[in-house]
S.K.: 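This is the structure, below, for whatever I ask next.
What you see is a predicted model, and the numbers here were worked out from it, not measured in a lab. Residue numbers start from 1 in every chain, and the chains themselves are labelled A, B, ... in the order their sequence lines are given, proteins ahead of strands.
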2 protein chains.
Amino acid sequence: MSSTTTPALRRVLNAAVVQFARHGYEGASLSRIAADAGIRKASLYSHVKSKDALFLAVFEDALEVEARFAHECFEAPEPTLPGLRYCESLLARYADSDHFRFLLRTSYIPPESLFHELQEGYEGYMQQLLMDFTTALRRHVGGGLADQDAEVMGHAYMGLVDSLHVALIYIGQERFEARLEALERLMNESIERLVAGARHG
Amino acid sequence: MSSTTTPALRRVLNAAVVQFARHGYEGASLSRIAADAGIRKASLYSHVKSKDALFLAVFEDALEVEARFAHECFEAPEPTLPGLRYCESLLARYADSDHFRFLLRTSYIPPESLFHELQEGYEGYMQQLLMDFTTALRRHVGGGLADQDAEVMGHAYMGLVDSLHVALIYIGQERFEARLEALERLMNESIERLVAGARHG
DNA sequence: AAAAAACTACCGACCGGTAGGTAGCTTTTT
DNA sequence: AAAAAGCTACCTACCGGTCGGTAGTTTTTT
């Protein structure tokens, strides 16, 4: 998809993701991004052809990085609840990854001109998460899991994830953890019932 | 708190809430707001002293309107699940109320200069919701509800609400309803267990 | 009751500043 | 020497906000 990424373009993208994550599309300025990348604003146009294009490049970048991260959270089998490792790593991820902060901010409130491209991309991210969860759930419960139950738990899990994403943005660490614990408990109880049901269903 | 609201100011506030809800703080322009209110930009300053002040006025307006709406959802006793009526009315509310869309958008991603005022206000909205839910839950379960359990269910409910708020913003109606159904089911099961526990506690 | 003063809401013109973007020349890299 | 990437200088468009002034109403003074 993407052509070769030169070191200079790399610097631009990295500067851009910080600014976009912090100030949003409208609030971030190209001159600031250029300055952070160590060049003049006009020189940006040697690498990208418009602000829109830059934003989209950053978005694809972020999507790739974060989708890989999320997927890796599901690789090792979970000791307790399916999908829990991803949830538990969100706090640290939000603190550490500009790409993640960028992704959350611009997916919930995208610039209107780019709405469709962005929605499609984020949709893909969430879709992958859902599939990873469903797989893990099936592995956890065992063979007797009804499709309908799996679907319901999938919806619940995606709700849980969105709820945690939002919590990252606007409530503190303590309440993030309390929320995770509370919702995890509900999920856990429900899944245990599914396990029991699958055994003598 | 607020001085008298003249009809002209009313028109300005109503035009502003639409623009702010649609384009955000930075994206909304005063000239457009003025035009929609039927006056020139310069005339805005007869009614408000700055863009910040206008935004805050709109915010307080929205907060008052939406807090009252939310509270009313809890007035009549709920036949089934505590707090369900609020959740079920969100879809229509989001479609109908500029104030509500404004509130969601600007609470998740506030303009940085006004961060503190806005966070405090939205905090209050959510706090009231939590108290309304807890009251309804206690009424539903009966006397034997442990404080700790009530707290956990409160966190879960607030997570559910945030998750639905987000769903309004970026996923369609069908999946909103599916999510609500799924999470409602989890809550319901957990609450039923609390009811049983309270009976022979 | 009439005149004077004050006030309100509005206007067009304009301010300094910044935005994204372009033209054309120079430097660096290959 | 050609291509890529940098630069300075500049453009137009728009931003939030202020200015001086005006028409019309309300309040005060005489």
S.K.: Could you encode protein contacts along nucleotides 22-30 of chain C as a string, one character per nucleotide from 5' to 3', using B for base contact, S for sugar-phosphate-only contact and - for no contact, with a heavy-atom cut-off of under 4.0 Å?
M.R.: BB-------

S.K.: State yes or no: are the ring centers of A:Phe133 and A:Tyr86 separated by less than 6.0 Å?
M.R.: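 That pair fails the under 6.0 Å test.
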
S.K.: With sequence neighbours left out, write down each residue that passes ring-ring contact (aromatic ring centres under 6.0 Å, His included) with B:His155, or none if nothing qualifies.
M.R.: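 Scan of B:His155 (ring-ring contact (aromatic ring centres under 6.0 Å, His included), adjacent residues dropped) gives none.
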
S.K.: Would you call B:Glu72 and B:Arg68 a salt bridge, taking side-chain N to carboxylate O under 4.0 Å as the test?
M.R.: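 Looking at B:Glu72 and B:Arg68, the cut-off is not met.
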
S.K.: Could you check how far CD1 of A:Ile39 sits from C1' of D:dG6, rounded to whole Å?
M.R.: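 Going from A:Ile39 (CD1) to D:dG6 (C1'), I get 8 Å.
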
S.K.: May I have the step-by-step check of salt bridge (charged side-chain N to carboxylate O under 4.0 Å, His left out) for B:Asp149 and A:Arg185, ending in yes or no?
M.R.: CA-CA 11 Å; B:Asp149 286 335; A:Arg185 196 164 112 180; 3.2 Å; yes

S.K.: For C:dT8, take OP1 and OP2 only and decide whether either is under 4.0 Å from a side-chain N or O of B:Ser46.
M.R.: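 No, because none of the side-chain N or O atoms of B:Ser46 sits under 4.0 Å from OP1 or OP2 of C:dT8.
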
S.K.: Rounded to the nearest Å, what distance is computed from the CG atom of residue B:Leu44 to the C1' atom of nucleotide D:dC15?
M.R.: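 My rounded result for the distance is 14 Å.
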
S.K.: What residues, two or more places apart in sequence or in another chain, satisfy side-chain hydrogen bond (donor to acceptor under 3.5 Å, both in side chains) together with B:Ser50?
M.R.: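 side-chain hydrogen bond (donor to acceptor under 3.5 Å, both in side chains) check on B:Ser50 returns nothing, list empty.
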
S.K.: Using the side chain to side chain donor-acceptor pair (under 3.5 Å) rule, take B:His99 and B:Glu64 through it: C-alpha gap first, then chi angles, then the decisive distance, then the call.
M.R.: CA-CA 10 Å; B:His99 288 102; B:Glu64 190 194 316; over 6 Å; no

S.K.: Can you label the angle between the A:Tyr108 ring and the A:His165 ring as parallel, tilted or perpendicular, going by 30° and 60°?
M.R.: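 Rings of A:Tyr108 and A:His165: tilted, as their planes differ by 30° to 60°.
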
S.K.: Heavy-atom contacts under 4.0 Å between residues 15-34 of chain B and DNA chain D, which residues?
M.R.: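 Output list: B:Ala28, B:Ser29, B:Leu30, B:Ser31.
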
S.K.: Which residues in residues 50-59 of chain B have at least one heavy atom lying under 4.0 Å from any atom of DNA chain C?
M.R.: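 The answer is none.
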
S.K.: According to the interplanar angle, ranging from 0 to 90°, do the rings of A:Phe20 and A:Phe102 count as parallel (below 30°), tilted (30 to 60°) or perpendicular (above 60°)?
M.R.: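 Rings of A:Phe20 and A:Phe102: tilted, 30 to 60°.
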
S.K.: Does the side chain of B:Arg105 come within less than 4.5 Å of B:Arg22's, by heavy atoms?
M.R.: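 In short, these two side chains do not touch, never coming nearer than 4.5 Å.
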
S.K.: Could you tell me whether the phosphate oxygens of C:dT8, OP1 or OP2, come under 4.0 Å of any side-chain nitrogen or oxygen in B:His47?
M.R.: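 Checking B:His47 against C:dT8: no side-chain N or O falls below 4.0 Å of OP1 or OP2.
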
S.K.: Suppose we screen for ring-ring contact (aromatic ring centres under 6.0 Å, His included). Which residues come up paired with A:Tyr25, at least two apart in sequence or across chains?
M.R.: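 ring-ring contact (aromatic ring centres under 6.0 Å, His included) check on A:Tyr25 returns A:Phe55.
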
